[in-house]
Amino acid sequence: MKIGIPAETRAGETRVAATPETVKKLVGQKHEIFVQSGAGLASAITDEAYAAAGATIVDRAMDVLAGCDMLLKVRAPLENEISAYRAGQIVVGMLNPFDAAGLEAMNKAGLTAFALEAAPRTSRAQSMDVLSSQANIAGYKAVMVAANEYQRFMPMLMTAAGTVKAARVLILGVGVAGLQAIATAKRLGAVIEASDVRPATKEQVESLGAKFVDVPFETDEERECAEGVGGYARPMPESWMKRQAQAVHERAIKSDIVITTALIPGRKAPTLLHEETVAQMKPGSVVVDLAVEQGGNCPLSRINEVVDVNGVKIVGYPNLAAMVAADASALYARNILDFLKLVFDKEGQFKIDLEDDIVAACLMCTGGELKRKNA
Ligand code: NAD
């Protein structure tokens, strides 16, 4: 099959959906690969490196779009891109299963679209789990960004000129990103506390050497909500959120860095760090809100801005994985490569096997019919 890698078009997107390593493997599977010139540059991949792996380099996006049967993307195509696609083309990427308008536009254009974020969180799907591969990077980078904004050391230091205290870091939301944030802050010598609604995270937090901030459940409704669906959190009852806000407040005002990562799929992110709490945080402390694109865990965070509230810096970078573009692309491209094994048979023919739970979950639309299962 002719497979195209167009350059990403969304603002700030530095990642690319294939690397020379994955191109080589696809060429080995008898596919023809077309890469738009410059598509990999922001991830430190040159046209020459793609060509050496067996890809054909084409100048314009139009040449990729017109000539290929399948397009590998990082983010969903914008509306003006979709108008250049043709019916029957296959698109694979992080297409945002919760963006009804975007999916409808792809469906109207007659595309077959696979959104990899919709894959189930099962062992078999792990190697193609784009949410995990990218959240892992975001969690790491969140600590790097925080350390950069923070005007003090992270580790405890005993020097001839006196002792410097270790930074106190509070991590709210302990999914893939939160766990990596704990591990990264730990390596830098910080003292860490972390909280999540899912009770299963307590053990994970403690195994990384951090302290778990427990907000006990008082009703069956609270406990059931916290158990969530498919491992994902659900919105918690107001009663629990109030007690959590109090527990967070008590820790946040003593913390130097707060990293928030709490998400609820398909919904606005829950508010965990309230304005009143930020008002009492120490000047010089830093908040990194990873949920800023979903409305933020702190109402004061703003997309793409570092807001200063009485000396507390609130960082709202929306796409932290794109700030580690080379590794983010390398891992993402391998996720894509693994997913493609499910949609090509041994002869390299494209097929949609709806008996396969991963394929069925990721298929958003085909033949003019919306199929979204996880939305
Ligand atoms: P996510 O990005 O959807 O959310 C981040 C974290 O925020 C989650 O841990 C969630 O529980 C937490 N959260 C939501 N509301 C909160 C609140 N009010 N207060 C505190 N925390 C709150 O999470 P994720 O990293 O995508 O992980 C989601 C699930 O998938 C987890 O159960 C994880 O263990 C599971 N997972 C499984 C696999 C696998 O088996 N292959 C791989 C990765 C993740």
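Just so you know, ligand 1 is whichever comes first in the structure, and atom 1 is the first atom listed for that ligand.
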Students should be able to answer this: which protein heavy-atom is nearest to [atom], and at what distance?
atom	answer
atom 13 (N) of ligand 1	Ala262 CB, 3.7 Å
atom 25 (O) of ligand 1	Val176 N, 2.7 Å
atom 29 (C) of ligand 1	Gly231 O, 3.3 Å
atom 2 (O) of ligand 1	Leu263 CD1, 3.6 Å
atom 34 (O) of ligand 1	Arg198 NH1, 3.8 Å
atom 23 (O) of ligand 1	Gly175 CA, 4.2 Å
atom 5 (C) of ligand 1	Thr261 O, 3.3 Å
atom 38 (C) of ligand 1	Arg121 CB, 3.8 Å

Under 3.5 Å, which donor-acceptor pairs do the side chains of residues 28-38 form with other protein atoms, sequence neighbours left out?
{"residue": "His31", "atom": "ND1", "partner": "Met1", "partner atom": "N", "Å": "3.2"}
{"residue": "Gln36", "atom": "OE1", "partner": "Ala7", "partner atom": "N", "Å": "2.8"}
{"residue": "Ser37", "atom": "OG", "partner": "Asp47", "partner atom": "OD2", "Å": "2.6"}

Exactly one of Lys313, Arg152, Lys282 clears salt bridge (charged side-chain N to carboxylate O under 4.0 Å, His left out) with Asp256, and that residue is Lys282
What one should report as the nearest heavy-atom pair of Cys365 and Asn107 is CB-OD1, 3.4 Å
Hydrophobic cluster membership, Val307 vs Ile303, 4.5 Å side-chain cutoff:
no
Any side-chain heavy-atom pair of Ile192 and Lys211 under 4.5 Å:
no
Do Leu342 and Asp353 have side-chain heavy atoms sitting under 4.5 Å apart?
no
Please check if any side-chain donor atom of Glu218 sits under 3.5 Å from a side-chain acceptor atom of Ser239, or the reverse.
no
Whether the Thr184 and Gln180 side chains hold a donor-acceptor pair (N or O, under 3.5 Å, no angle test) is what I'd like checked.
yes
Does [X] reach ligand 1, in the sense of a heavy atom lying below 4.0 Å from it?
X	result
Ser132	yes
Leu272	yes
Asp196	yes

Give the atom numbers and elements of ligand 1 that come within less than 4.0 Å of a heavy atom of [X].
X	result
Gln126	39 (C), 41 (N)
Gly173	7 (O), 21 (N)
Val174	9 (O)
Thr122	41 (N)

What distance separates Leu170 CG from Ser195 OG, expressed to the nearest 0.5 Å?
7.5 Å
Pairwise distance CG(Leu300) to OG1(Thr277) - rounded to 0.5 angstrom:
10.0 Å
Is there at least one pair of N or O atoms, one from [X] and one from ligand 1, spaced under 3.5 Å apart?
X	answer
Leu172	no
Tyr232	no
Asp129	no
Ala233	no

Is it the case that more than 12 heavy atoms not belonging to Phe217 sit under 6.0 Å from its CZ atom?
yes
Honestly, for Val197 the part within reach of ligand 1 (heavy atoms, under 4.0 Å) is both
Tell me which one of Gln134, Met236, Gln244 gets a heavy atom nearest to atom 17 (C) of ligand 1.
Gln244
Stepwise, does the side chain to side chain donor-acceptor pair (under 3.5 Å) test hold for Arg15 with Asn319?
CA-CA 10 Å; Arg15 294 167 291 180; Asn319 189 353; 3.2 Å; yes
Output the rest of the hydrophobic cluster of Leu131: all Ile, Leu, Val, Met, Phe, Trp and Tyr residues reachable through side-chain heavy-atom contacts under 4.5 Å, sorted by chain and number.
Tyr232
